[in-house]
Amino acid sequence: MTYTIEGNTGSWEVVVGLEVHAQVITQSKLFSGAATAFGAAPNSQVSFVDAAFPGMLPVVNAEAVAQAVRTGLGLRAHINLVSRFDRKNYFYADLPSGYQISQFEKPIVGAGVIEIELADGSTKQIGVTRLHLEQDAGKSLHDQHPAKSYVDLNRSGVALMEIVSEPDIRSPEEAGAYVKKLRAILRYLGTCDGNMEEGSLRADVNVSVRKHGEPYRTRCEIKNVNSVRFVMQAVEAEAARQVDLWESGGTVQQETRLFDSARGVTRPMRSKEDAHDYRYFPDPDLLPLVLDEAWVADLASKLPELPDEKRARFIADLGLTPYDAGVLVADQAAAAYFETVAKGRDAKQAANWIMGDLFAVLNRTGHSIEDSPVPAPALGQLLDLIADSTINGKIAKSVFEAMVETGDGPEAIVAARGLRQVTDTGAIDAAVDAVLAANPDKVADYKAGKDKMFGFFVGQIMKSLAGKGNPALVNASLKQRLG
Amino acid sequence: MSLDPATVRRIAKLARIRVDEAQVPQLQAELNGILGWIEQLNEVNVDGVEPLTGGLTMAAPLRVDAVTDGGIAEAVLANAPDRADDYFAVPKVVE
Amino acid sequence: MISLSLAQARAALRARQMSARELTTAYLGAIEALNPQLNAYVLVTPEVALAHADAADAALARGAARPLTGIPLAIKDLFCTKGTRTTAGSKILENFVPPYESTVTANLLRDGAVFLGKANLDEFAMGSSNMTSAFGAVANPWTRLGDNRPLVPGGSSGGSAAAVAAHLALGATATDTGGSIRQPASFCGIVGIKPTYGRCSRWGVVAFASSLDQAGPLARTVEDAAILLGSMAGHDPKDSTSANVPVPDFAAACARGVKGLRIGVPREYRSDGMPPEIEALWLQGQQWLREQGATIVDVSLPHTKYALATYYIVAPAEASSNLARYDGVRFGLRVDGGDLGELYENTRAAGFGAEVKRRVLIGTYVLSAGYYDAYNLKAQKVRALILKDFTDAFEHCDALLTPTAPSAAFGQGEKMDDPVTMYLNDVFTVPANMAGTPGLSVPAGLDAQGLPLGLQVLGRPFDEETVFAVGAALERAAGFSAVPRILAK
Ligand SMILES: [Mg+2]
Ligand SMILES: [Zn+2]
C-alpha cells in the first residue's frame, strides 16, 4: 500500500522530510529571565535582552538544555556533550537582534529515530537527523492597521527545539503519523505541550516528488503548518502541484511556500529574503555548551516510560492487540486512564470499554479524558459489578449512561434503580415457563430444528425480567426445559 | 579575491545599508584595499590548528530557570520611534 | 585641586580637607573652560554629578567611604547609563536613553564614584583617532612644540583619554577591542589598562566585537588605574563570558617591585619602520627594569605580524552582526522608506558613518556564503596560533615589554587617505586582544616634538597584578611629570 500519484507520464513517489519546531516547556526564555506563558499582554514578557537593546547579553537557561537532552534521549538519539550556539543573521521585523541564536554546526542532539504506526497495523522507522536549541522570534500582526504591522516580542527568545527528520516519509499518512508520534513523545517527556493551535508545535514540510528509482528532485519547504491534518493536506496538495508542474514541462523551483488551508493549496511566500545568506558564525557572546556525562545519565535514568515501551508492555503483559495498545498509548492521559481501569481487572474488557463507550461519550460531550464525566476509578467499579455478577453486561451499558448523566458512582445507580441481576433460580424458572407457555408454536418450531428460536426465547425471558436476568442462569434454565 | 561592483551592491543589500550608485566605486576600492591587505594571512600555515572562536576557552555558564525579568513593557517601548498601544509599529510587512 | 591624583584626592576627601561637592564643582568648571576646545565630552551631566557628589559627602560624613567615594569620572559613551543618553558616538543612537545601567558603571556607582558626563569616542569604538565620532573629533590636549594644530587623542577611547589628560576627570572608563585604551593612553601621556578578557563585565556596554571587547580604566597614574580597575572588575552572571575569579588588590600589587621578574622582549615587535625615538625608549624601559632587579629575556611571538589582519576579519565579522540591531524599530534613529526593507536601508545609511559602514560591509562579506572558510575560519586558526605564541612566551617570562604604539599622536586629518594606514596604529596592541591577555600602557617619555610616548606591559591571563607591578616600576623610573601646555595656561 505505497502511496503514489498517478500522473500522465506514470506514477510518482512523494518524498517528505519534516522540520518540527517545538516550544520547550520552561518557566523563562532560552537566554533571558522573561516569562514564556501564552496569551500575555503585548510586550509584557519582554526583557531588554529579548528586545536586543544595546549591550544586552544572553545567558543559557539550564532547564532548556535539560529538556533538549531529555527529548534527545526519548528519540533514542546521540547526545553531543559539546555543542555550540551560532548566529543566523537576517533582518526581519520580529527578529530584534538581526540574528537568531541557533545551533548550526554542532547541535546538542545528533541522529535518532521515531517509529510510526500506520492504519494497516504496520510500523516504519523514520530517521531523525538532529535536534537543536534555538530562540523563537516575536510575532507580527498584520491586520491591525491598513499601512502598518505591529510587533509583539513576547515570543522573542522563547526556547525552541528544532527537530529535523530524514527525508524518509513517503505519504501524507506517514507525515501525519510522524507528527502525531513526535507530539506524543514530547508530551510523555513533558518537554513540549504539543499544542499546535497556540503554536507550541509547528512543522516546516519539505516536499519533493520523483519517479521510482530516481534520485531526489528539487524540494519546496512549506512553512509553519500548524495542525496534523494540514500537514497531511499540505503534502498532498504540494505533491500534486509538483507532479503537474513536471508533467507540463515545467521545473520545480526551490522555494518556501505557505499552505492555504481554506483553499487547500500551497502558494509561494511573498516576503522571503531576496538572497538567503544567513552568515552563520559561532555566537561570541556564548561559550561552548558542555554537558557532564553523569548529568546526562541521571536524566536518562529519570526518563518516563515512552509510548513505544508502553505499547509493548500493554501487548506483552496485558494481552492487548497491537491496534488497541497503539490507540491507548497515543495519548498519555488515555494510557494512564486505561492503566487505572485495567489494574487488577480484565485488561481487554477495560480497553473495549474505554475505546468504545468512553471515547464515544467524550466525543459526544466534548470532554477530554482528563476531565472525563466518568473518572477511571468509577469505570473500574462498573467493571467490578459485571465481574461479580451484580449486573449483566447489557445493564452495565445503561448504568454507564446514567453515570455520564448524573456523575454518580455505579453502585449507587444500581442500588437506586434496582438494577441488580436476578439470580433467584425460582424467579428465573418461572419466567422461562411463562414465556414457553405463551409461545407453544415457537416451541414446536424449535423442536423441529429451528435453533435460532433459542435466542428469541432468551430475549423474551430477559424482557420479562426487565433485562436483569443473569444470562447464564437464564440459559441454563431454558436449555433444561427445552430438553 | 577582489570585489566587483555587483558584489559590493549585494553585501550592502545583505547588510541593509543603502549605497548609492555613485558611492560604489570608492567603496569597492576601499574594501578591496582592506581585503588585499588581509591576503597576507595566506602565508600562515594553519594545518591541523583548531579554530579559536572566543576570548575564553571555558564552558557556558547555565542559569536557573526562573522568571526574573519582563513586565517592563513601558521601558521596552519608551525609545521606540513608532509605537501603537503596546506594540512596536513598522511599515506593513506582506507575508 | 584638579591636579591631585585619584589616590591623593581620595585621601584628601577622607581627611575632609575638601568636599566631594568642591572637587566635583572644580571639575565641572574645568570642563566648562576646556571642553569647547577639546570636545572630550559629548554630554556633561552637572546635575547627576552634583547629586553623586552630595551623596558622597553624606557617606564621608557618616564615615562610610567606599573605594571611590567622591571621585569624579568621565564615562565613555559606550557604557549604558540609566536615564542618561548613551550614543556610542553614533548618529543612530543620538537620542537613546538606556533604561538600565551597565554592570561596570553600576560597580563604580556602588563604590561611590561621581559621573561628570559621557566621553566622546570613535563611532561604535571603531577607530584609532576619534575622527569617526558623529559628535565631532576630539582634540588631544597635547600639541607639538611650536605648533598649535590639533592632534588626535588616539581612539577609540579618545574622549576619555583627553578628559583625563586635560584634568577634566580624575579617571575614566574606556574599552579596548584592538588597542582603544592603550593607544589613546600613549597618545595622551596617561595610564590605561585593558584587563584580561572576562575580567570586566560587558553587560550594558554597547558591543563592537564581543570576543575582543574589554572594559578598563584610564587614569593619570598606575596606582589610580589599579584602584579604578578594582572597582570595575568582578564576575557578572549576566555576561556568559565574565570570568568567575576573585578580584585581587590591584593597587597593592603596584608596590611589589620587579626584583626577580623575567621580562620578555618579543623580537617580532622590532619593525624596520620603527621611529628611532620609540626604539630608544623601549631600550630605556628595559634598562629601567633591569636596574630594579628584573631580568630581560629575548622571546618570540612569531605570529605577531598577522594579528592585525586577523583582527580585521574577526572584529568586522562580529561587528556586522552586533550592529544588526540598529534597524530603526525599537530605539534610535529611524529614516522612513516605502517599506520595511527601505526603512532599514535608509536608517542604517543615514545613521552609520563611513568607517562603521566599511567594517559592517567587510564583516558581512567575510561571513557570506563561500567566503567563511577562506576568511573567518582561517582567522580563527591564526588567532589560535597567536594565543599559543603568548602561552609559549609566558613559559619563559612573567611579563612582556613593548612599545604601545608605532608613533606619537598625529594631526587631525592625517593618516586618513586609506583605511589600512589608520589600522596600522594598533599593530602592537591588537595581539593582546586576540589572545585575551592583559595589557597596560604607561607614559615613559616625550619625543622630540614634545609629545608623550607610552610603553606597553603585557601579562599572563588574570595576572594583572604583575602587569601593575611592572607598570609602576616603569612609572617610578620614568618620572614622567610633563603636562600638556593647555594646563600650563
Ligand atoms: Mg526550517
Ligand atoms: Zn529553526
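First the proteins, then the strands, lettered A, B, ... as listed; each starts at 1.
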Identify the heavy atoms of [X] and [Y] that sit nearest to each other, and give their distance.
X	Y	value
B/Val49	C/Ala384	CG1-CB, 3.8 Å
C/Ser240	B/Pro61	O-CD, 3.4 Å
C/Leu361	B/Ile11	O-CD1, 3.6 Å
B/Asn79	C/Asn95	OD1-O, 3.8 Å
B/Pro81	C/Gly332	CG-O, 3.5 Å

More than 12 heavy atoms of other residues, nucleotides or ligands under 6.0 Å from [atom1] of [X]: yes or no?
X	atom1	answer
C/Lys381	NZ	yes
C/Lys388	NZ	no
B/Asp4	CG	yes
C/Lys238	NZ	yes
B/Glu50	CD	no

Heavy-atom cut-off 4.5 Å, strictly under: side chain, backbone, both or neither for [X] against chain B?
X	value
C/Lys305	both
C/Leu323	neither
C/Pro419	side chain
C/Thr310	both
C/Leu424	side chain
C/Tyr423	side chain
C/Asp418	neither

Contacting moiety of [X], where chain C heavy atoms sit under 4.5 Å:
X	value
B/Asp20	neither
B/Gln40	both
B/Ala89	backbone
B/Ile38	both
B/Ala60	neither

### Query
Would you say the side chain of C/Tyr365 lies within less than 4.5 Å of the side chain of B/Leu3, judging by non-hydrogen atoms?
yes

#### Entry: B/Arg10 side chain reached by C/Ser368 side chain, heavy atoms, under 4.5 Å
yes

### Query
Between C/Phe352 and B/Ile17, does a side chain to side chain contact (heavy atoms under 4.5 Å, CB included) hold up when you go through it step by step?
CA-CA 9 Å; C/Phe352 292 148; B/Ile17 296 175; 4.3 Å; yes

### Task
Would you mind telling me which of B/Leu62, B/Val90, B/Ile72, B/Leu41 has the largest number of heavy-atom pairs within less than 4.5 Å of chain C?
B/Leu41

Option in [options] with maximal non-hydrogen atom pairs under 4.5 Å from chain B:
options	answer
C/Tyr344, C/Tyr306, C/Phe331	C/Tyr306
C/Ile313, C/Val360, C/Val329, C/Asp213	C/Val329
C/Val366, C/Val97, C/Asp339, C/Val314	C/Val97

### Task
Calculate, to the nearest 0.5 Å, the distance between atoms CD and OG1 belonging to C/Glu318 and B/Thr53 respectively.
9.0 Å

### Query
How far does OG1 of C/Thr364 sit from NZ of B/Lys13, to the nearest 0.5 angstrom?
13.5 Å

### Message
Walk me through whether C/Arg358 and B/Ile34 qualify under side chain to side chain contact (heavy atoms under 4.5 Å, CB included).
### Response
CA-CA 10 Å; C/Arg358 265 195 296 273; B/Ile34 297 168; 4.3 Å; yes

### Query
Side chain of B/Arg16, backbone of C/Arg348: donor and acceptor closer than 3.5 Å?
no

### Task
Check for a donor-acceptor pair, side chain of C/Lys378 on one end and backbone N or O of B/Val44 on the other, with a separation under 3.5 Å.
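The answer is yes, because a donor-acceptor pair under 3.5 Å joins these two groups.
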
### Derivation of the salt bridge (charged side-chain N to carboxylate O under 4.0 Å, His left out) call for C/Glu342 and B/Arg18
CA-CA 8 Å; C/Glu342 281 184 22; B/Arg18 198 194 64 233; over 6 Å; no

